[in-house]
Amino acid sequence: MISFTPFEETHDACLPREINLGQLLSAISLAFDFAERAQLNHARRVAYVSLSLGELLGLGEGTLRRVLLAALLHDIGATESFNELKDEELVPTGVVYQHPLRGAEMVAGLPQVSDLGPIIVQHHERWGGGGYPFGLSGEAIRLEARLLHLADRFELVYAAAGWEQGLARVERGRGGDFQPELVDAFFSLARIPKVQLDLEERNIGRVIGWEVDRLAQVVVTAELCRVAGVFAGLIDNRSPYTANHSQGVAQHAGVLGRRLGLESVASLQVAALLHDLGKIGVPSRILNKPGRLTPEEYQVVRVHPYYTEHILRQVKGLEDIVPWAAQHHEHLDGTGYHTAAKAGAIPLESRIVAVSDVYQALTSDRPYRPGLAVDDALGVMRQMAAAAHLDPEVVQQLAVVSS
Ligand SMILES: [Fe+2]
Ligand SMILES: [Fe+2]
Ligand SMILES: [Fe+2]
Ligand SMILES: [Fe+2]
């Protein structure tokens with residue numbers, strides 16, 4: 001069972017702010033596809049096909065919006081390799097069997113899009129029965145989920161073997177996997193010349209960007225901290241070792257931000273909640289590895305702030321917090337990542353998130369060591385400050401508030 005830590009009372013009140021949740025979800029779905037290089041754009045192509053089918057069938061705008069967003073997030077509960085999901089002969093077990101359930105739980109806490117969960121949970125149900133997790137059949141499966149399932153099966157074959165094989169896969173599923181009327185609609189769609197072009201790697205990102213702008217203007221006001229808290233949980237829950245990490249970083253950052261006289265402590269805390277968002281692109285097997293990472297695995301982990309930046313930059317309304325969140329592994333001497341910025345180019349807010357991040361990590365248990373006592377953690381951090389990695393003033397303030 002996944003549990004999300006509710007937004008802690010120690011956080012400042014949410015600032016009223018407008019953000020486009022559709023853009024955020026779309027950006028997250030792409031970052032999630034980074035976790036499996038072979039699956040790049042899987043979610044976007046599934047979204048495109050299911051949305052186009054929905055339009056062909058004359059579905060209303062509210063339904064189309066649900067189809068688009070649910071498709072973008074449909075596999076978000078699959079935190080591991082997608083290889084097993086591709087194997088249609090395999091009887092799904094374990095993490096594969098769980099992924100529709102996990103995905104539905106993950107989106108349940110998001111404001112205004114909680115109606116996506118019932119769709120996501122059914123995206124592997126088959127029209128003729130025998131799907132998972134419930135073994136539903138026929139119209140007991142929601143229409144949106146029926147569209148998703150067809151688009152999903154098509155996309156996996158299309159991505160691996162091309163257009164013609166993809167079409168053959170859909171035809172093969174007529175009546176068993178897919179409702180016959182939807183198969184007919186799919187072949188009407190497939191006759192439209194632009195559909196093949198839109199699906200191409202170089203085009204699909206833009207096309208889905210337009211659809212998100214058109215249909216998914218889910219503008220959330222005054223709930224930014226709540227939304228950020230849900231996303232923080234989504235990241236933290238990928239590993240038992242990082243449970244509550246982002247929440248903890250946000251709490252420390254709030255205390256330090258107030259102490260250092262920042263005006264926008266609430267925004268700083270949102271940045272802290274979202275700082276590791278790019279980890280959605282790091283496979284769980286690496287995040288949860290009990291032991292030292294290989295150099296290659298470490299390289300994969302190191303890209304996460306880069307993707308934090310890429311995700312957040314796609315969302316209008318979050319511009320100010322992007323560097324605060326994304327620069328949390330920079331060092332004052334320029335030896336950090338991902339921009340190798342030096343002291344003058346690293347805002348105080350980023351330095352606070354960096355200090356809070358290290359402190360939270362050091363004082364928590366990890367696969368390879370138990371959490372450090374406060375004094376020991378501060379000792380390590382003073383050394384990091386002396387080496388011009390962390391900001392000495394921020395570390396000093398941390399020592400004051402934590403002793
Ligand atoms: Fe799936
Ligand atoms: Fe999928
Ligand atoms: Fe990080
Ligand atoms: Fe972190």
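Atom set for the values below is all heavy atoms of this structure, side chains included, hydrogens, waters and symmetry mates excluded. For ligands, and for the atoms within them, numbers begin at 1 and follow the listed sequence. Each residue takes its place number in the sequence, starting with 1.
Residue-level check: among N/O/S atoms of Asp152, OD1 sits closest to the Fe ion (ligand 2). Here the N, O or S atom of Asp75 that is nearest to the Fe ion (ligand 2) is OD2.
Between Arg45 and Glu201 there is a side-chain heavy-atom pair separated by less than 4.5 Å.
Here His123 does not reach the Fe ion (ligand 2): none of its N/O/S atoms is less than 2.8 Å from the metal.
Partner of Asp177 under the salt bridge (Lys or Arg N to Asp or Glu O under 4.0 Å) criterion, out of Arg169, Arg146, Arg153: Arg169 alone.
Excluding waters, the count of protein N/O/S atoms less than 2.8 Å from the Fe ion (ligand 3) comes to 4.
Looking at every heavy atom in both residues, Leu148 comes nearest to Ser50 through CD1-OG, 3.9 Å.
Among residues two or more places apart in sequence or in another chain, the ring-ring contact (aromatic ring centres under 6.0 Å, His included) test is passed with Tyr337 by His329. Judged as a salt bridge (charged side-chain N to carboxylate O under 4.0 Å, His left out), and not counting sequence neighbours, Glu330 has no contacts. Scored by the ring-ring contact (aromatic ring centres under 6.0 Å, His included) test, Phe231 finds no partners at all (sequence neighbours excluded).
Ion pairing between a basic and an acidic side chain is recognised when a charged N comes within 4.0 Å of a carboxylate O; Glu105 and Arg102 show no such pairing.
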